[in-house]
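Just below is one structure, and these are the notes that go with it.
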Amino acid sequence: MISQLGILVRYQLRAGQSVGSLEPWSAEKYTLLLEGVKVENVRLVDRISSKKAALGTLYLTATHVIFVENAPDTRKETWILHSQISTIEKQATAATGCPLLIRCKNFQLLQLIIPQERDCHDVYISLIRLARPVKYEELYCFSFNPKLDKEEREQGWMLIDLSEEYKRMGLPNNYWQLSDVNRDYRVCDSYPTELYVPKSATAHIIVGSSKFRSRRRFPALSYYYRDNHASICRSSQPLSGFSARCLEDEQMLQAIRKANPGSDFIYVVDTRPKLNAMANRAAGKGYENEDNYSNIKFQFIGIENIHVMRNSLQKMLEVCELKSPSMSDFLWGLENSGWLRHIKAIMDAGIFIAKAVSEEGVSVLVHCSDGWDRTAQVCSVASLLLDPHYRTLKGFMVLIEKDWISFGHKFNHRYGNLDGDPKEISPVIDQFIECVWQLMEQFPCAFEFNERFLIHIQHHIYSCQFGNFLCNSQKERQELKIQERTYSLWAHLWKNRADYMNPLFRDDHSQTRGTLRLPTTPCNFLYKFWSGMYNRFEKGLQPRQSVTDYLMAVKEETQQLEEEREALEERLEKIQKVQLNHTKVKAKQSEPSKHSGFSTSDNSTANTPQDYSGNMKSFPSRSPSQGDEDSALILTQDNLKSSDPDLSANSDQESGVEDLSCRSPSGGECAPSEDSGKDRDSDEAVFLTA
Amino acid sequence: MEFSDLIRTGRAQAKLLRGPEAPPLRGTLCLTGHHLLLSPGPQATSELWLLLLRSVDSIEKRVASDSGTITLRCKDLRVLQLEIEGVEASLDIARSIEALSSLESVITSFPFFYRPKGLRLGDAWHFHPPERYYKRVARETNAWRLSEVNEDFSVCPSYPRAVIVPRSVDDGALARSARFRQGGRFPVLSYHHAPSGTVLVRSSQPLTGPQKRRCAEDEELLRAVLLGARPGARGFIVDTRSSQAAKQARMTGGGTEAKAAYPGWKRLHRPLERGQPLQESFVRLVEACGDLQQSTDSWLRRLEGCCWLAHVKEALSTACLAAQGMEREGACILVHGAEGTDSTLLVTSLAQLILDPLSRTMAGFQELVEREWIQAGHPFQLRCAHSAFSHARSKHEAPTFLLFLDCVWQLGRQFPLSLEFGEGLLLALFEHAYASPFGTFLCNSEKERCLCEVRTRTHSLWSGLNQPKERRKLRNPLYAPNPLAIWPSVELQSLRLWQGDPLPQLLPWGAS
């Protein structure tokens, strides 16, 4: 076993090289790995229900950890991408074996028990290496091949076009122009090359301003609000220290103000807590002094830094992991994590900016320290509130492309795609995605996409299966030739858009047109714990019936019937014409319609009771004579349960997405639900063993 | 007593504030024996505004130099503000509202005067007679019969006239069993689960007392329950108190079934909160919801502090346990606590909702509420006299019924296609249980309702709700009949605060 695993690690290193030369995985190599490295008799522990662990075989491949259950009828598979692995924990060996805990970045938690300590150690060592690639070429997207030809791949990359997006905003116009000052990344290497700046800002002003800003991230346009010329601009902090000034930077802000003739001042929003910003002054950075800039209004909005956010998420996930906590433990822990408070802070900042732009007609310049984390969150939340386009499927992709990818959000560092400084890791875009979900909860009809769309985007930010989120900047991506060597997630999502539609979406409703208006009265229970994200692999916790899928099916059925009606009407017309032509009419029966009947998925609700009895021995076992029968029952029921596709995490290797399986209803028939009727009785075992 | 004695000033000019979402209303305020009216004047387009005085939970007055402000906190958790011209007038009106909203007499209450168009008195009392269900069970099982031992309410004052009991037990034995149970609530059938042939039975605690008394007829009754299911069937007694509390109850004459006396039955203790602590939990929840100034963090701390969601979780999991025992174990279940009129009904009614697809229909759910809450003797008048705002605390109030509605809402959230009714019906039941123009939730038992002639002199809520116009509003448009049991998740992450409940006026962003 050891030698085999050793081979694997070496093989993996070679694999890194081989995929570097753009050689797709051959089937032989794949099977070789699959057969070469496996550990048998591994048990996968189900954390939520007290069901018996599933017995199976663990495989390690160059890209995945795969667990295949032994249950002969189903052979349920769980696939985990190496890039999803966040931490691996080897726990103290027990009598039953050596437990290995794998925590994933998409919030999946896998507890394996490996019989031999030695094997466990080998798997542990291998996974540590596999989960932390050191070169981009080792990432899955370079070997992932969805069997598209070159042309299709190129088209996929062209689906989202930012220059189109600026055109849609109404640019260029009398106030804003496209600047080539950053051609070849000459001014700022973390900015894109195409940027919109005020017309009155000359190259001299821009370059001068960039020298006065952290990492030379000068003020540039993020969003232009066509209705009243107000805009949202973004930058990094000024290098003001205690007293430094920069004429060009002052002129730059002046130019932004002049680009909005409707207002005689601009807001400068610093998204940091005031204390942090002040501390930065000692390091020669800091924030704008209102006295030095004419006509600005300066505003702090305290969003904590990436380290606080990382710890907050960590604390919240610990709460989610608690084994049967009390309601008080749960709420207490959730509150102590501060997570929802941070979400609210980001939302509040976005709401402030959206209001300034749409209601006051005042332009806003947003920055934090480097202007690539909090600034990205806040600008994108504000844009989402302001512009219904970003609330559509394609618009949302554009928004992420614009405010995150093009403006140099450090995906590689924040999400730990390559082995790096753990202090750089932070759930920055996760928080933005959660903000969107919180908005969707409050405005159920305002978004064209559904929760699944958000969850899949989150998954792929970490999966490294597509090239979109690689690297830390546009420049790095260009150097790596990402577009030539990998595929675009947006094309993949667009192709499967039927799965991501929100059936309640109405773009013509007074509530959903224009700017989304949140209630003026503060209200705390607006922000909820998102169990659909953080507990999404514990299917038992999720609502058992999906309103979204049901409505989509109804919609599809309606559409089919509509089409059928039209076809029949056409036919009727023809028949009538024929009747007119031939005065003698033969009555002719039209064929019975053959639309597929719409079944309301009766079985979709089949589910099993969980362990309601707590730790109490609730229903004590039956009389001794029945004892044998009971244990037999436990075994069979357990096998049944393991066949349950609802927990199959990642059976779709192509997409790497776990719960796509059998969701989308087609042809007016509801797909079989996740819980199939057959395991209706499977939890009896729980009952008896409780 | 005449209402007019209590009305000092019947009329004043006033402005009504109904929260941030609705515009203020200006006009003439009138006070009648049962209502507060605001008439916006002849030229105004908006219609008359009407508030049932009975629904006022607390009243707060503040006076300025020439006007007064009255804040009315209603039992359905609405908060209204009235600005009244004239200090004297406003004080008078406040005092009158106070007096009129807390009248004790049932027969002078509004349902006895309410005569809506389109409804005929006495029509709808036959919408959901429990006898119909009992007769069906008796017919289907052949092991149960309808008994009229309680025809004159002498055996058990809180039971209805007709109850369903094992066929093999005669009325004399029932009467003796009743003497062995608190309040005379001897074991009766609550639900028959046809797929497994098992039954859900409820009662009050046995009066074993410190001497551990026994009652042969009571034991015989429970034996007959098991025999009726199938020979050799097992039974579980779900006691809604902790085993400690059940033991302590012996000192005051109560207690719990001794193992030896009831072969085939096993006891499980699932303590559920009720009475005063539950009411306090409710009060604290509403306080926390009403305080809008706090940060997100202290909100969660206060939500935790009030324990409401913990009660929801406990109630649901106990009901699931009972349901699981019937469906999966093929066992009969007897549920009782002390009096058997609160937690007991919570568990039996939720268990039926989980198991029985019929009870998840519009008519079935109404029938369930009628049979398992109203007829089963949940003392609505005592429990729902005051809601969360009242300062007048008597020890009888408890939002057990609201807890039930909350649990139903949780079921509906987890199974959005399986209930035929929507949140609207639950909110309507909540509102009407606390204050209603209909007679359905009046009094504490069937006996009292008979004395007050509620059936013949008031209208039934069911007839009100089942008018086609109302019905449409209460329906769940996504309903698709689901023939299976619905097993909810009771994990913390699965439960949510029911927002429609604490602050209905803060729900303007729903899907519309």
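Per chain, numbering begins at 1; letters A, B, ... match sequence-line order.
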Result of checking B/Leu309, B/Leu303, B/Val312 against A/Met327 for side-chain contact (heavy atoms from CB on, under 4.5 Å) = B/Leu309
Under the side chain to side chain contact (heavy atoms under 4.5 Å, CB included) rule, what do B/Leu478 and A/Leu551 come out as? Steps first, then yes or no, please.
-> CA-CA 8 Å; B/Leu478 300 177; A/Leu551 288 179; 3.3 Å; yes
Based on non-hydrogen pairs under 4.5 Å, which of A/Ser328, A/Ser531, A/Ala446 is most in contact with chain B?
-> A/Ser328
How long is the span from the CG atom in A/Leu331 to the CZ atom in B/Arg301, to the nearest 0.5 Å?
->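 Here the interatomic distance stands at 12.0 Å.
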Approximate separation, where rounding is to 0.5 Å, of B/Leu300 CG and A/Tyr527 OH | 13.5 Å
Which residue out of B/Glu314, B/Gln414, B/Glu304, B/Lys313 racks up the most heavy-atom pairs below 4.5 Å with chain A?
-> B/Glu304
Considering non-hydrogen atoms only, spot the tightest contact between A/Tyr550 and B/Tyr479 and give its length.
-> OH-O, 4.2 Å
